[in-house]
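For reference, the structure is listed below as structure tokens.
Since the model is a prediction, treat every value here as computed from it, not as a measurement. Worth knowing before you read on, the calculation uses all heavy atoms, side chains too, and leaves out hydrogens, waters and symmetry mates. Chain naming here is simple, since letters A, B, ... match the order of the sequence lines and numbering starts at 1 in each.
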2 protein chains.
Amino acid sequence: MAFKASHNLDEQIAEYLSAQIIQGKLEPGERILEARLAEELGVSRGPIREALRILERKRLVKLIPRRGARITEVSAAYIEWLYDILNELYSLVARRAAENRTQKDLAQIRRSVKRIEDCAVRGDVPGYYDAIFEYASIGQQAARNPLLDQMLKDLEPSTRRAQFASLSLRTEDLKQNVAFF
Amino acid sequence: MAFKASHNLDEQIAEYLSAQIIQGKLEPGERILEARLAEELGVSRGPIREALRILERKRLVKLIPRRGARITEVSAAYIEWLYDILNELYSLVARRAAENRTQKDLAQIRRSVKRIEDCAVRGDVPGYYDAIFEYASIGQQAARNPLLDQMLKDLEPSTRRAQFASLSLRTEDLKQNVAFF
DNA sequence: TGACAAAAAACTGTTGACAAAACTCTAAAA
DNA sequence: TTTTAGAGTTTTGTCAACAGTTTTTTGTCA
């Protein structure tokens, strides 16, 4: 089913499943059977297992010992909890980025904002989302706190999922980052 | 070396290694060899691998594909980054806990504070640390944001390590939580 | 019909072996 | 002396099989 190269299987599988989950092709609450997936992808259960651990870290699946993996649920409450945290963390990003930014950061930010506007004008919705995340990512790097950057990266898949669930308020929280320039 | 029961090996191994790393018995930057550790603990490499993934999630080891696992470094800068984030997240905990706390939460908090004081009086240093974490944990639960709770739990091992490294300012950040009562 | 117990099936946990990549050491050439 | 090429070693990645647990099914009794 999915293409496999001479790269690492676990990461490829995690990537593949990640996309499936974010796009809602796998139902929340659904069980993931190692053996079935292994056969489907033409690999053994080892890499599947490791991929599931990666997805657990990104909070896309929940692993319960001896009773397998399930796609995590994204309730309205969960989205609120997530945004409550993102709001807090991005406000920190904005403050630190404002302190530590360089000319190079600013130039990057301007390019990124341009890209967002272009996508908006063109009505390119997927591109718009990606541009928003790119923008956030640049801010994160400018904040010069790699741990914070990493934590937000880990939350990105959850955030993308939440966006799929609630398309309306998605910009509110990232907007915090605007204080940056 | 380490005791193994009919429970899950990966979690036990992760627990075991976690303690070793936090207590500084394994050097930062040190390589962890799967085969050596497997023989040492009398298990195969499978569970070792899964344990390493758990430790990666807790940021105690860094996994680099095809070149193994290393204990993460805890530089002064890293500790600052960590506390910068903890400060932010615990301020959120305090606010939400203040909003959502129940009588039961308050009673628990009071007991926990008592325990901290007792340990301080007795000069029970390890107990004091544990009491502080218990206290933080109760606050986290009272905040009624399970995602936030989980994120802080994931950070706990790193926090404990940072405490080992800098014993002086450890209370500063958790102190945020005091606004709670 | 419904509850319960035993048997069967399905699934995860663990292991040992093999393949492939990364690293180390040696030796020859510039 | 330093650099480079290659053989040999070490270590991680992947697989297939087996063991033990959990879940489902089947069958019996009230």
For A/Arg111, salt bridge (Lys or Arg N to Asp or Glu O under 4.0 Å) partners two or more places apart =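 Partners of A/Arg111 by the salt bridge (Lys or Arg N to Asp or Glu O under 4.0 Å) criterion come out as none, since no residue qualifies.
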ask   = Excluding sequence neighbours, so at least two apart, what forms salt bridge (Lys or Arg N to Asp or Glu O under 4.0 Å) with B/Glu88?
value =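 For B/Glu88, the residues satisfying salt bridge (Lys or Arg N to Asp or Glu O under 4.0 Å) (neighbours in sequence not counted) are A/Arg95.
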Residue whose nearest DNA chain D nucleotide is more 5′ - A/Arg31 or B/Ile64 =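 Closer to the 5' end of DNA chain D: B/Ile64.
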Runs of at least three Watson-Crick or G-U pairs with DNA chain D, cut-off 3.5 Å =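 Runs of three or more consecutive pairs: C:1-30 with D:1-30.
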query = Heavy atoms under 4.0 Å, any strand shown: does A/Ile32 hit a base, just sugar-phosphate, or nothing?
reply =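 Contact class for A/Ile32: sugar-phosphate only.
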Rounded to whole angstroms, how far apart are [atom1] on [X] and [atom2] on [N]?
{"X": "B/Arg53", "N": "D/dT12", "atom1": "CZ", "atom2": "C1'", "answer": "12 Å"}
{"X": "A/Leu63", "N": "D/dT22", "atom1": "CG", "atom2": "C1'", "answer": "16 Å"}
{"X": "A/Leu37", "N": "C/dT12", "atom1": "CG", "atom2": "P", "answer": "10 Å"}
{"X": "A/Glu40", "N": "C/dC11", "atom1": "CD", "atom2": "P", "answer": "13 Å"}
{"X": "B/Glu11", "N": "C/dT12", "atom1": "CD", "atom2": "P", "answer": "16 Å"}
{"X": "A/Glu39", "N": "C/dA10", "atom1": "CD", "atom2": "P", "answer": "13 Å"}
{"X": "B/Arg70", "N": "C/dC23", "atom1": "CZ", "atom2": "C1'", "answer": "12 Å"}

With sequence neighbours excluded, tell me which residues meet side-chain hydrogen bond (donor to acceptor under 3.5 Å, both in side chains) with [X].
{"X": "B/Asp10", "value": "A/Arg53"}
{"X": "A/Thr72", "value": "A/Arg161"}
{"X": "B/Arg160", "value": "B/Asp130, B/Glu156"}
{"X": "B/Glu134", "value": "B/Ser112, B/Arg115"}

Only pairs under 3.5 Å count here: list side-chain donor-acceptor contacts from residues 117-127 of chain A, not counting sequence neighbours, and write none if there are none.
| unit_1 | atom_1 | unit_2 | atom_2 | d |
| --- | --- | --- | --- | --- |
| A/Arg122 | NH1 | A/Asp124 | OD2 | 3.3 |
| A/Asp124 | OD1 | A/Gly127 | N | 3.0 |

key: Residues in side chain to side chain contact (heavy atoms under 4.5 Å, CB included) contact with A/Gln20, at least two apart in sequence or another chain   =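 Checked A/Gln20 against side chain to side chain contact (heavy atoms under 4.5 Å, CB included); matches are A/Tyr16, A/Lys25, A/Leu26.
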key: All side chain to side chain contact (heavy atoms under 4.5 Å, CB included) counterparts of B/Arg67, not counting sequence neighbours   =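 Only B/Ile64 meet the side chain to side chain contact (heavy atoms under 4.5 Å, CB included) criterion with B/Arg67.
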message = Between B/Asp154 and B/Gln150, is there a side-chain donor-acceptor contact under 3.5 Å, judged purely by atom types and distance?
response =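 Looking only at side-chain atoms, B/Asp154 and B/Gln150 do form a donor-acceptor pair, the distance falling under 3.5 Å.
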key: Contact under 4.0 Å: B/Arg36 side-chain N or O vs D/dT12 OP1/OP2   =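 Checking D/dT12 against B/Arg36, no side-chain N or O comes under 4.0 Å of OP1 or OP2.
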query = Does a nitrogen or oxygen in the side chain of A/Arg67 sit under 4.0 Å from OP1 or OP2 of D/dT23?
reply =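 True: A/Arg67 side-chain N/O within range (under 4.0 Å) of D/dT23 OP1/OP2.
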Are there any protein N/O atoms within less than 3.5 Å of an N/O atom in nucleotides 6-10 of chain D, and if so, which ones and at what distance?
none

What nitrogen or oxygen pairs link the protein and nucleotides 14-16 of chain C at under 3.5 Å?
| unit_1 | atom_1 | unit_2 | atom_2 | d |
| --- | --- | --- | --- | --- |
| C/dT14 | OP1 | B/Leu9 | N | 2.8 |
| C/dT15 | OP2 | B/Ser44 | N | 2.9 |
| C/dT15 | OP2 | B/Ser44 | OG | 2.9 |
| C/dT15 | O5' | B/Ser44 | OG | 3.4 |

request  = Would you name the heavy atoms of B/Ile138 and B/Asp105 that are closest together and state the gap between them?
outcome  =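 Closest approach of B/Ile138 to B/Asp105, heavy atoms only: CG2-O, 4.4 Å.
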